[in-house]
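Please read the structure below before turning to the comments.
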Amino acid sequence: MWESIKGFLRRHRRKFFITGALVGGVYLLGRYARWRLAEWQSQQEMEYVEQARKQHHFESNLRTCTITFYSLVPRLRDALTEKLNCEAITAKLRERPSNKLELWEQLKVLSFTRTVASIYSSCMLFVFLRVQLNIVGGYMYLDSLIATGEGSNGKQVHIAEGLQKRYLALVTYLLGDGLDFLVEEIRRAVEDILGEMSLKEKFSHVELARLVNHIRQSVEFSKHSVPIKRTLPDAANHTVKNGCHSMPLQKFMLPSDIESLCGSVGEDVDDNFKNLVGETLDILDSDDCQNVLKMCLDAGFTHVMHNMIPFFQVEELDLGAVGGVEREPSLDLPLAKIIPIVNGQVNHILCDSDNNYFQDLFKVGCAREFAANVYEAFSLEVD
């Protein structure tokens with residue numbers, strides 16, 4: 001019996017070897033597949049956790065942008081009302097002075113200048129903070145990885161606390177010298193367009209919208225020069241409209257002379273600061289940033305013009321009229337009556353609470369996408 005079994009094994013040993021090899025191979029392959037699957041699942045879980053943490057950090061950074069924006073609005077409003085003090089002229093007009101017409105002409109220019117400047121400066125502040133704080137946010141995320149030992153590899157922090165404070169302080173330029181240059185540019189545009197217009201000339205709401213848009217086009221495609229030291233290397237490539245070069249509005253948001261900003265603190269710190277400013281200038285100069293700013297300005301001007309519609313509507317005393325239907329603005333108002341309407345818009349644009357104007361800015365979808373792109377670009381480690 002044993003001899004027959006041994007003979008059977010000898011005769012079929014090759015089949016046994018092949019079968020064993022196949023079974024063993026399948027078993028090892030299964031074990032390897034399970035190991036690879038477990039490794040892949042673990043990697044996916046880590047990436048999911050990392051992405052969730054990064055998303056949470058980005059959302060927190062956006063909230064910081066919003067809080068910072070609202071905290072700077074009163075300062076912006078005070079600066080504008082101080083530079084363009086329409087209230088002082090209004091108080092003089094109440095006293096029935098002999099130079100009444102001259103004061104009205106001043107108020108005409110100042111009121112339009114202040115409202116247009118309120119829209120431009122608020123939109124610039126909105127966009128600039130999203131650029132600046134998302135650059136900082138991206139670097140802080142990388143530094144948080146270094147702090148936890150996940151991405152250290154002997155690397156230094158990307159943005160130290162002192163450098164961060166110094167960089168964030170650049171927003172004061174937009175609220176100071178940059179605002180001065182912007183106001184001066186808008187004032188010249190308003191004077192060019194409204195200077196010879198009679199206070200008795202009448203405008204419909206549509207005509208007023210065209211007038212404001214004309215001012216906007218004059219600002220963005222200006223023949224005037226602003227006292228900015230930095231000359232853009234690609235200035236010749238800017239869009240030309242009606243013989244005028246389009247003005248990159250970023251020059252009102254950030255100091256152009258980087259060297260004067262750095263001072264004499266220390267060579268390493270200065271290099272890091274220069275890099276931050278240079279990176280910020282590159283983003284502000286980009287087509288994406290200019291497009292976001294344009295969309296914000298479109299939303300801002302649209303909101304303000306819509307807010308003035310009720311002043312151009314005929315009052316209806318018909319008690320049987322159906323409510324909830326917005327009437328078309330059908331009145332033509334003289335410029336003298338439009339001036340107080342325009343003058344009062346700054347209190348609506350830059351009010352502290354229940355600000356529907358700001359809500360329209362926050363609804364600009366491309367602004368969030370743009371902020372996410374900036375954050376993502378600066379939260380990736382570069383080898």
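As a basis for the values below, the full set of heavy atoms in this structure was taken, side chains included, without hydrogen atoms, waters or symmetry mates.
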Does a side-chain heavy-atom distance below 4.5 Å link [X] with [Y]?
X	Y	answer
F362	F126	yes
L276	E279	yes
K337	P334	yes
Q132	L129	yes
K83	D78	no
L194	L211	yes
E105	L199	yes
F112	L107	no

Looking at [X] and [Y], what are the two nearest heavy atoms and their distance?
X	Y	result
S118	L350	OG-CD1, 4.1 Å
S218	A189	OG-CB, 3.5 Å
I159	D143	N-OD2, 3.2 Å
V127	C296	CG2-SG, 4.1 Å
K108	M197	NZ-O, 3.0 Å
A117	V183	CB-CG2, 4.3 Å

May I ask you to say whether [X] pairs ionically with [Y], meaning some side-chain N is under 4.0 Å from a carboxylate O?
X	Y	result
R114	E87	yes
E59	R63	no
D298	K294	yes

Centre-to-centre under 6.0 Å for [X] and [Y], is that the case here?
X	Y	answer
F358	F69	yes
H306	H205	no
F58	Y375	yes
F301	Y120	yes

Problem set entry | Member of L179, L182, D177, D180 meeting the side-chain contact (heavy atoms from CB on, under 4.5 Å) criterion with F252 | L182

For this session: Verify the neighbour count for atom CE of M305: are there more than 12 heavy atoms of other residues, nucleotides or ligands below 6.0 Å?
Result: yes

Exercise. Crowded around D354 CG? As in, over 12 foreign heavy atoms under 6.0 Å?
Worked result: no

Exercise. So, Y357 and S122: side-chain donor and acceptor under 3.5 Å apart, yes or no?
Worked result: yes

For this session: Indicate whether any N or O donor in one side chain lies under 3.5 Å from an N or O acceptor in the other, for N61 and N134.
Result: yes

So, does [X] use its side chain to make a donor-acceptor pair with the main chain of [Y] at under 3.5 Å?
X	Y	answer
S111	V342	no
Q290	L284	yes
E369	G365	no

For this session: Mind running side-chain contact (heavy atoms from CB on, under 4.5 Å) on L133 and T68 for me, showing each step along the way?
Result: CA-CA 9 Å; L133 292 180; T68 305; 3.9 Å; yes

Exercise. Going through the distances and angles, do F370 and I283 end up as a side-chain contact (heavy atoms from CB on, under 4.5 Å)?
Worked result: CA-CA 10 Å; F370 172 69; I283 295 175; 3.7 Å; yes

Seminar exercise, completed: So the ring-ring contact (aromatic ring centres under 6.0 Å, His included) pairs with at least one residue in residues 73-97 (sequence neighbours excluded) are none

For this session: Begin from the C-alpha positions of R130 and T66 and carry the test side-chain contact (heavy atoms from CB on, under 4.5 Å) through to its verdict.
Result: CA-CA 9 Å; R130 267 158 174 67; T66 301; 4.0 Å; yes

Problem set entry | Step-by-step side-chain contact (heavy atoms from CB on, under 4.5 Å) determination, S204 to L331 | CA-CA 6 Å; S204 66; L331 288 177; over 6 Å; no

